[in-house]
S.K.: 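Please read through the structure below; I'll follow up with questions.
Note: hydrogens, waters and symmetry copies are ignored here, and every other heavy atom, side chains too, is used. In each ligand, atom 1 is the first atom listed, and ligand 1 is the first ligand listed. The model shown is predicted, which means the values in this text are computed figures rather than measured ones.
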Amino acid sequence: MTTEQAQLTEIRNQIDSIDQQIQDLIGKRAECAQKVADIKTQGGNVNAVFYRPEREAQVLRAVKERNTSLLPDVEMAKLFREIMSACLALEQPVSVAFLGPEGSYSHASVVKQFGSSAHSVAVSTIEDVFSAVDKGDANYGIVPVENSSEGVVKSTQNELIKTNLKISGEVSLAIHHCLMSKSTAHENIKKVVAHQQALGQCETWLKNNLPWAEIEAVDSNALAAKMAQEDESLAAIASEQAAQLYQLIILDSNIEDFKDNTTKFWVIGKEDTQPSGEDKTALIISIHNKAGALLDILESFSKRDINMTRIVSRPSTDKTWDYLFFIDVLGHKDDENVKEALEEVESKAAFYKLLGSFPVSPL
Ligand SMILES: C=C(O[C@@H]1C=C(C(=O)O)C=C[C@H]1O)C(=O)O
């Protein structure tokens, strides 16, 4: 054996032994998760809630805080995200409705938030995500709220105004588009297919790199990838996961014109989420049409040092030129100062709806 081989064998033996220890510990962790399930279902409780977003956020934050390894904090947290996902599936596999088909960015956000052991349920519209959770066809749903270059998602806003469901989590997903095809050569591509939003986000890149190609908008990027699987003259713009799923070759990565392209998603469910120590609260209000009314409402937050992280306005659909405001603040609705501020806002607003409190995402 050469010295190099001997050195490698030595290290690989060490890795084998570490893996064995990790596996034993994961096994022990799974037993604990099972015990948690037994406690939750004690006395025949059939309404037990297994998924606890605030607890998961706390576990992931602790992982990041403890991390002194060579792995970046987020990579370490992602590993624990998967371990928790598998442990939760032992208690009860959680089902999550998303805007399909598989391989969409909504699908990627399900995996980011719930891990790959979650059971994802593809539906065809954002309205269907809400109704799947409402009817109990899925435990949770994930809906896109806002994209950094394209703005708010109107159909999600419309549903949020009407729904009785609560927001229980937030996922930020960096959107990196890839150009993919069955063919390995750019010159074979006659047409590029993608969702209108993705085409818009890659417009300059397409002009510079595939000036000869025809461009066609289709219903979703994942559908575009499906089409490219069947026709070598097509290239699709979609996610890396879509390329894997539809067995396409990635010709170019990160082809979006704006590099910080990010979409924010919300998790919707039936339960209130307990405080995790670092939370956000989302609400919708409309105000009386008088001078200073909005300022008056915002003061309820600012005088208590409550940080407002987002305010988005849109015309109300039932009264012309009345406005609705979608507001996010830092803090949980049960935190004393947030609670007081919300009570005050409710008393001042013409319309008030609390959408929920949820953990600030550790991932
Ligand atoms: C184990 C529990 O249930 C689930 C699994 C968790 C885990 O594996 O750490 C954390 C929260 C819950 O989603 C719990 O409630 O503590």
S.K.: Which of the atoms of ligand 1 are close to L88, meaning less than 4.0 Å from one of its heavy atoms?
M.R.: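 Listed by number with element: 4 (C), 13 (O).
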S.K.: Measure the distance from atom 4 (C) of ligand 1 to every protein heavy atom, then report the residue, atom name and distance (to 0.1 Å) of the closest one.
M.R.: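 Nearest neighbour among protein heavy atoms for atom 4 (C) of ligand 1, to 0.1 Å: E91 OE2, 3.3 Å.
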S.K.: Using a strict 4.0 Å cut-off to heavy atoms of C87, name the atoms of ligand 1 that fall inside it.
M.R.: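 That gives atoms 8 (O) of ligand 1.
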S.K.: Can you tell me which residue and heavy atom of the protein come closest to atom 8 (O) of ligand 1, and the distance to 0.1 Å?
M.R.: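 For atom 8 (O) of ligand 1, the nearest protein heavy atom is R29 NH1, 2.8 Å.
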S.K.: Going by the rule salt bridge (charged side-chain N to carboxylate O under 4.0 Å, His left out), which residues pair with K40 if we only count those two or more places apart in sequence or in a different chain?
M.R.: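 Only E91 meet the salt bridge (charged side-chain N to carboxylate O under 4.0 Å, His left out) criterion with K40.
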S.K.: Would you call E271 and K166 a salt bridge, taking side-chain N to carboxylate O under 4.0 Å as the test?
M.R.: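 Result for this pair is no, no salt bridge flagged.
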S.K.: At less than 4.0 angstrom from any non-hydrogen atom of Y51, what atoms of ligand 1 do you find?
M.R.: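 Here the atoms of ligand 1 in question are 13 (O).
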S.K.: Specify the protein heavy atom at minimum distance from atom 15 (O) of ligand 1: its residue, its atom name, and the distance to 0.1 Å.
M.R.: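 Closest protein heavy atom to atom 15 (O) of ligand 1: K40 NZ, 2.8 Å.
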S.K.: Are D322 and R314 ion-paired here, with the side-chain N under 4.0 Å from a carboxylate O?
M.R.: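 So D322 does not pair with R314 through a salt bridge.
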S.K.: Which one holds for R55 and ligand 1: side chain close, backbone close, both close, or neither close, with close meaning a heavy atom under 4.0 Å?
M.R.: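 Side chain only.
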S.K.: Test your reading of the model: is there a side-chain donor-acceptor pair from S109 to the backbone of V171, 3.5 Å cut-off?
M.R.: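 No, S109 side chain to V171 backbone: no donor-acceptor pair under 3.5 Å.
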S.K.: Is any NZ, NE, NH1 or NH2 atom of the basic residue among K190 and E214 found under 4.0 Å from an Asp or Glu carboxylate oxygen of the other?
M.R.: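 Looking at K190 and E214, the cut-off is not met.
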S.K.: Does the pair E146/R310 count as a salt bridge with the N-to-O cut at 4.0 Å?
M.R.: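 Yes, charged N to carboxylate O under 4.0 Å.
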S.K.: In the protein, what heavy atom is nearest to atom 13 (O) of ligand 1, and what distance, to one decimal place, separates them?
M.R.: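 Answer for atom 13 (O) of ligand 1: E56 OE2, 2.7 Å.
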S.K.: Of all the atoms in ligand 1, which lie at a distance below 4.0 Å from a heavy atom belonging to F50?
M.R.: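 Within the 4.0 Å cut-off of F50, ligand 1 contributes 3 (O), 4 (C), 12 (C), 13 (O).
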S.K.: Which is it for N221 and H177 under the side chain to side chain donor-acceptor pair (under 3.5 Å) test, yes or no, and what are the steps along the way?
M.R.: CA-CA 10 Å; N221 295 332; H177 293 305; 4.6 Å; no
